[in-house]
A.B. asks: 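Structure in structure tokens, see below.
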Amino acid sequence: MTTSDSPLSRDDRRTELREFLRSRRARVSPADVGMPDGGRRRTPGLRREEVAVLAGVGVSWYTWLEQGRDIKVSEQVLDAIARALLLGSAERAHLYRLAGLNPPQTPSAPSGAPSPEVRRLLDAWSPRPGYVRDRHWNFTAVNDAARVVFGYGDSDHNCLVSFFTNARYRVLHRNWAETATDVAAAFRADAARYPDDPEFGRIAADLAAVSPEFAELWARHDVAEHTSAVKAVDHPDAGTMIFDATLLPLPEHPGHHLILHNPRPGTDTQQRLEALLRQHSLVVPHPG
């Protein structure tokens with residue numbers, strides 16, 4: 001596993017690691033981990049010796065780790081310490097970073113409907129377009145504004161596939177050809193996050209068979225990552241609209257993203273958007 005590029009300096013990271021381990025040890029009682037109390041204790045929580053036994057490491061080695069000494073650590077040992085200290089997923093990732101390692105990739109959640117809270121947010125985002133996609137770029141929720149603005153229909157199930165095969169979307173998207181390169185590269189970067197998942201390869205192979213443009217771009221092996229983009233739409237009923245698109249990860253559904261579109265400042269997109277959606281009775285008033 002590669003070394004984490006932490007913004008903390010090495011000395012600061014060691015200090016933080018020392019304090020973090022001490023604080024986590026202090027909050028776990030012997031009873032919490034099925035150990036006898038062992039008599040009167042000067043400090044709360046587990047002793048270093050007990051953590052070492054629970055993690056299956058030497059007492060001296062664990063002491064050096066907690067003291068922030070410059071020693072080598074492995075993923076297996078950090079996982080064992082995380083289990084011994086009853087760390088949650090966020091705390092385990094924090095331990096990895098303080099030890100100078102990148103946290104393991106969080107397993108993605110199976111594709112499914114977004115939570116009621118995300119669904120309400122997506123609906124409330126109207127009249128601005130928004131949708132949720134899973135790690136394979138399948139749509140799991142699309143608000144009505146996105147369907148009207150981008151031309152998504154009932155046959156659109158995957159964001160990548162729709163980009164390359166939905167003829168209406170291609171006509172609407174002003175910079176389709178330029179954007180296509182980034183879209184294919186971003187999907188390859190996402191696929192690399194899950195090397196053991198064959199679904200990415202299946203989606204790419206099926207799409208390459210029907211889209212020569214995608215097949216050519218996929219063969220380049222370009223990769224790109226982005227959390228924002230600018231989308232320009234030439235809508236036949238509303239004219240040109242320009243949106244700032246932002247990708248927001250959904251921590252409760254690893255691998256899923258909420259993509260929200262905002263009318264770009266300095267344009268008349270907001271007025272055009274409201275006029276367009278008024279035709280479809282989709283305008284939702286927002287407080288000023």
Side-chain angles (χ1 to χ4, degrees), residues 114-115 117-153 156-164 166 168-190 193 217 222-280 282-288:
S115 66
E117 294 78 12
V118 172
R119 181 73 253 187
R120 285 195 294 269
L121 172 61
L122 193 60
D123 290 340
W125 193 252
S126 187
R128 293 162 293 180
Y131 53 84
V132 178
R133 74 183 191 199
D134 67 12
R135 73 171 177 179
H136 301 120
W137 292 29
N138 294 314
F139 292 116
T140 63
V142 182
N143 71 6
D144 290 331
R147 296 183 185 279
V148 171
V149 171
F150 300 128
Y152 294 138
D156 292 293
H157 304 294
N158 182 280
C159 186
L160 177 75
V161 174
S162 292
F163 183 90
F164 283 95
N166 183 325
R168 184 183 177 196
Y169 182 85
R170 181 181 299 206
V171 170
L172 291 175
H173 202 300
R174 171 182 288 186
N175 302 313
W176 186 93
E178 294 85 348
T179 305
T181 301
D182 290 336
V183 170
F187 188 75
R188 184 175 286 282
D190 279 359
R193 299 177 187 274
L217 294 172
D222 292 340
V223 292
E225 295 185 1
H226 57 81
T227 57
S228 62
V230 177
K231 293 184 181 180
V233 175
D234 288 324
H235 199 281
D237 298 324
T240 300
M241 294 181 287
I242 304 176
F243 297 92
D244 292 319
T246 302
L247 282 70
L248 303 173
L250 298 177
E252 69 275 21
H253 294 291
H256 291 56
H257 286 81
L258 173 66
I259 294 88
L260 300 177
H261 301 78
N262 246 332
R264 191 165 181 79
T267 71
D268 59 357
T269 299
Q270 180 69 37
Q271 293 79 2
R272 291 177 181 271
L273 176 64
E274 291 182 358
L276 173 65
L277 297 187
R278 192 174 296 115
Q279 299 176 25
H280 297 265
L282 294 176
V283 171
V284 177
H286 289 276

A.B. asks: Any chance you could measure F150, atom CZ, to M241, atom CE, to the nearest 0.5 Å?
C.D. replies: 8.0 Å
A.B. asks: Does some side-chain heavy atom of R133 sit less than 4.5 Å from a side-chain heavy atom of I259?
C.D. replies: yes
A.B. asks: For a 4.5 angstrom cut-off between non-hydrogen side-chain atoms, does H256 reach P114?
C.D. replies: no
A.B. asks: So, taking the atom named CG in N138 and the one named NE2 in H157, what distance separates them when rounded to the nearest 0.5 Å?
C.D. replies: 9.5 Å
A.B. asks: Hey, what do you get for CD1 (I242) to CZ (R272), rounding to the nearest 0.5 Å?
C.D. replies: 9.5 Å
A.B. asks: Ignoring hydrogens, what is the shortest heavy-atom contact between A186 and H226? Give both atom names and the distance.
C.D. replies: CB-NE2, 3.9 Å
A.B. asks: Does any part of the side chain of F243, heavy atoms only, come nearer than 4.5 Å to the side chain of R128, both counted from C-beta?
C.D. replies: no
A.B. asks: Say whether, by atom type as modelled, one donor and one acceptor occur between the side chain of D182 and the main chain of T179 under 3.5 angstrom.
C.D. replies: no
A.B. asks: List the atom of D123, the atom of R119, and the distance in Å for their closest heavy-atom pair.
C.D. replies: OD1-NH2, 2.8 Å
A.B. asks: At what distance, to the nearest 0.5 angstrom, does CG of L260 lie from OG of S228?
C.D. replies: 12.5 Å
A.B. asks: If you compare all heavy atoms of G151 against all heavy atoms of D156, which two are closest, and at what distance to 0.1 Å?
C.D. replies: O-OD2, 4.0 Å
A.B. asks: Provide the closest heavy-atom pair for A145 versus S126 in the form atom of the first, atom of the second, distance.
C.D. replies: CB-OG, 4.0 Å
A.B. asks: Side chains of H261 and Y131: closer than 4.5 Å at any heavy-atom pair?
C.D. replies: yes
A.B. asks: I'd like to know if D190 pairs up with R193 as an ion pair, taking the criterion as any Lys NZ or Arg NE/NH1/NH2 lying under 4.0 Å from an Asp or Glu carboxylate oxygen.
C.D. replies: yes
A.B. asks: Mind checking whether L172 and P236 have side chains closer than 4.5 Å, heavy atoms only?
C.D. replies: yes
A.B. asks: How long is the gap from OH on Y169 to OH on Y152, to the nearest 0.5 Å?
C.D. replies: 4.5 Å
A.B. asks: Just wondering, do D244 and P265 contact through their side chains at under 4.5 Å, heavy atoms?
C.D. replies: yes
A.B. asks: Check for a donor-acceptor pair, side chain of D237 on one end and backbone N or O of A275 on the other, with a separation under 3.5 Å.
C.D. replies: no
A.B. asks: With heavy-atom distances below 4.5 Å as the criterion, would you say the side chains of N262 and T246 are in contact?
C.D. replies: no
A.B. asks: Give the intermediate values and the outcome of side chain to side chain contact (heavy atoms under 4.5 Å, CB included) for residues L258 and W125.
C.D. replies: CA-CA 11 Å; L258 173 66; W125 193 252; over 6 Å; no
A.B. asks: Quick one: CG on L273 to CZ on R278, what's the gap to the nearest 0.5 Å?
C.D. replies: 10.0 Å
A.B. asks: Using every non-hydrogen atom in the two residues, find where L217 and A184 come nearest and quote the distance to one decimal.
C.D. replies: CB-CB, 3.9 Å
A.B. asks: Is the closest side-chain heavy-atom distance between R188 and D222 below 4.5 Å?
C.D. replies: no
A.B. asks: Looking only at non-hydrogen atoms, find the nearest pair between R147 and G153 and report the distance.
C.D. replies: NH1-O, 3.8 Å
A.B. asks: Return yes if some donor-acceptor pair links the side-chain N/O of N158 with the main-chain N/O of H136 below 3.5 Å, else return no.
C.D. replies: yes
A.B. asks: Tell me whether the rings of W176 and F164 are parallel (<30°), tilted (30 to 60°) or perpendicular (>60°).
C.D. replies: perpendicular
A.B. asks: Do the side chain of N175 and the main chain of E178 share a donor and acceptor less than 3.5 angstrom apart?
C.D. replies: no
